[in-house]
Amino acid sequence: MDSETRRRRIRETIAAIPEGRVASYGQIAELAGLARGARQVAYVLKTLPAGHRLPWHRVLRSSGHIALATGSSGYRMQRDRLRDEGVRVESGRVNMRTYRWQPDLDELIWAPPPEWEE
DNA sequence: CATATGACGACAA
DNA sequence: ATTGTCGCCATAT
């Protein structure tokens, strides 16, 4: 598989994350068929072309933390965009148990309820 | 070909 | 919760 294909699959996977849900770098890599490719996902996001339409803000560290430097403009933008679509962000962190995207479930169950915070 | 990098992740202390 | 180590792997130099 060439680098172009890898990048494309990563972008497609991220594009599939539903509004109000999030995924980790490692999860995106797995779903894209790239085991242990978390860093490659990060690379793709870092080098996105201007004008892209990808929901990059829905990708977080496995811990639920925003990966961008705390306080940076990107960090604030990601936090705000997440909040704008109903995701609770506390101290730069999202509760993965609540918001983690689960493809199979989200597509088999009609309405994924984002409001059952623990 | 050899090293350095890094929007990562798992784990130990 | 934090910090540091190590493993990982495509790119960059």
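To find a chain, count down the sequence lines: A is the first, B the second, and so on, and within it residues start at 1.
Rounded to whole Å, the distance from CD on A:Gln40 to C1' on B:dT5 is 12 Å. A straight line from OH of A:Tyr25 to P of C:dG7 spans 24 Å, rounded to a whole angstrom. Atom NE2 of A:His52 is separated from atom P of B:dA7 by 16 Å (rounded to the nearest Å). The CD atom of A:Glu90 sits 12 Å away from the P atom of C:dA1 (whole-angstrom rounding). The distance between atom CG of A:Leu45 and atom P of C:dC9, rounded to the nearest whole Å, is 19 Å. Atoms CG (A:Leu54) and P (B:dA7) sit 18 Å apart, rounded to a whole Å. Atom CZ in A:Arg6 sits roughly 17 Å away from atom P in C:dC8 (whole-Å rounding). Residue A:Ile28 contributes atom CD1, which lies 18 Å from atom P of B:dA7 at whole-angstrom precision.
Here the closest heavy-atom approach between residue A:Gln27 and residue A:Val22 is recorded as OE1-O, 4.3 Å. In this structure, A:Tyr99 and A:Gly86 approach most closely via the heavy-atom pair OH-O, 3.7 Å. Closest approach of A:Ile66 to A:Gln78, counting heavy atoms only: CG2-OE1, 3.1 Å.
One finds a salt bridge joining A:Arg58 and A:Glu85 here, because a Lys/Arg side-chain nitrogen approaches an Asp/Glu carboxylate oxygen to under 4.0 Å.
Listed nucleotides: C:dA10, B:dA7, B:dC8. Nearest to the side chain of A:Leu68: B:dA7. Listed candidates were B:dA7, B:dC8, C:dC8. Nearest to the side chain of A:Arg36 is C:dC8.
At the heavy-atom level, A:Arg93 lies under 4.0 Å from the strands shown only through sugar-phosphate atoms. Here A:Arg39 lies in heavy-atom contact (under 4.0 Å) with a base. Nucleic acid contact class of A:Ser63 (heavy atoms, under 4.0 Å, all strands): none.
Contact annotation: A:Ser24 side-chain N/O to B:dC8 OP1/OP2 distance is not under 4.0 Å. Between A:Ser62 and B:dG9 there is a side-chain polar atom (N or O) within less than 4.0 angstrom of OP1 or OP2.
Judged by distance alone, with hydrogens and angles left aside, A:Tyr43 brings no side-chain donor or acceptor close enough to the base of C:dA10 to form a pair under 3.5 Å.
Taking the nucleotide of DNA chain C with the nearest heavy atom to each of A:Glu4 and A:His65, the more 5' of the two is matched to A:His65.
Taken from CZ in A:Arg100 to OG1 in A:Thr98, the straight-line distance is 12.5 Å, to the nearest 0.5 Å.
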